[in-house]
Amino acid sequence: MNNENRPRRGLITLLAGVAAGLALLTGAGVANAENTPAQDQIDHIVAGQPDAIQTSPTTVTWRDSGVSLTADAAGPEQCGFNQFCLWEHSDFKGWMVSFNESSCAYVIELPSFGFNDVASSWVNNTARRVEVWEHSGAYGLRLWTEIPYTASRWVGEDAQDRASSLVCR
Ligand SMILES: [Ca+2]
């Protein structure tokens with residue numbers, strides 16, 4: 001039974017990807033199209049957090065902290081001045097979450113920003129040293145440390161898809 005379902009699930013995933021591509025090509029004017037995967041993710045986050053607002057077709061911003069989560073920010077240059085950023089995939093691709101230096105006042109909990117256990121590459125454009133931890137509350141393993149004004153296009157097999165919290169030093 002499970003084996004019979006598998007090809008169909010693959011097809012649905014493929015079609016969702018095609019739909020996302022079409023939505024990007026045609027802009028936001030497709031009123032009757034089903035939600036893109038990005039929009040589904042954004043809807044999910046916005047529904048659960050009053051502080052989070054959608055600020056573009058592919059971006060959620062948290063009003064109090066200025067943290068931003070975006071599906072359309074490939075490349076290390078997308079991480080702004082005085083920001084540090086994580087990407088879902090290696091080579092600065094996939095979803096990107098960006099933090100301002102003001103986020104450093106507390107332990108940053110990645111689950112709050114829809115980014116638990118997904119980070120694979122990063123940029124640190126701040127003068128702060130940023131530690132990245134396996135679990136919430138800076139517990140578990142310290143997966144990597146972001147030296148000021150450096151970047152990594154891949155955190156490595158052992159560290160990818162595990163980060164749950166950040167601490168600035
Ligand atoms: Ca984790």
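Not measured: the values here are computed from a predicted model. Atoms within a ligand are numbered from 1 in the order they appear, just like the ligands themselves. Atoms considered below: every heavy atom in the structure, side chains included; atoms not considered: hydrogens, waters and symmetry mates. The residues of the chain are indexed from 1 along the displayed sequence.
- Within the 3.0 Å limit, Ser136 places no N, O or S atom next to the Ca ion (ligand 1).
- Annotation: angle subtended at the Ca ion (ligand 1) by Arg162 O and Asp117 OD1 is 80°, to 10°.
- Looking at Lys93 and Glu88, no side-chain N of the basic residue comes within less than 4.0 Å of a carboxylate O on the acidic one, giving no salt bridge.
- The aromatic rings of Phe113 and Phe99 sit perpendicular to each other, their planes meeting at more than 60°, with 30° as the lower class boundary.
- Nearest to the Ca ion (ligand 1), among the N, O or S atoms that Glu134 has, is O.
- Checking Ser136 against Glu109 by side-chain atom types alone, a donor-acceptor pair falls below 3.5 Å.
- If you chain together hydrophobic residues whose side chains sit under 4.5 Å apart, Trp133 and Val67 never meet in one group.
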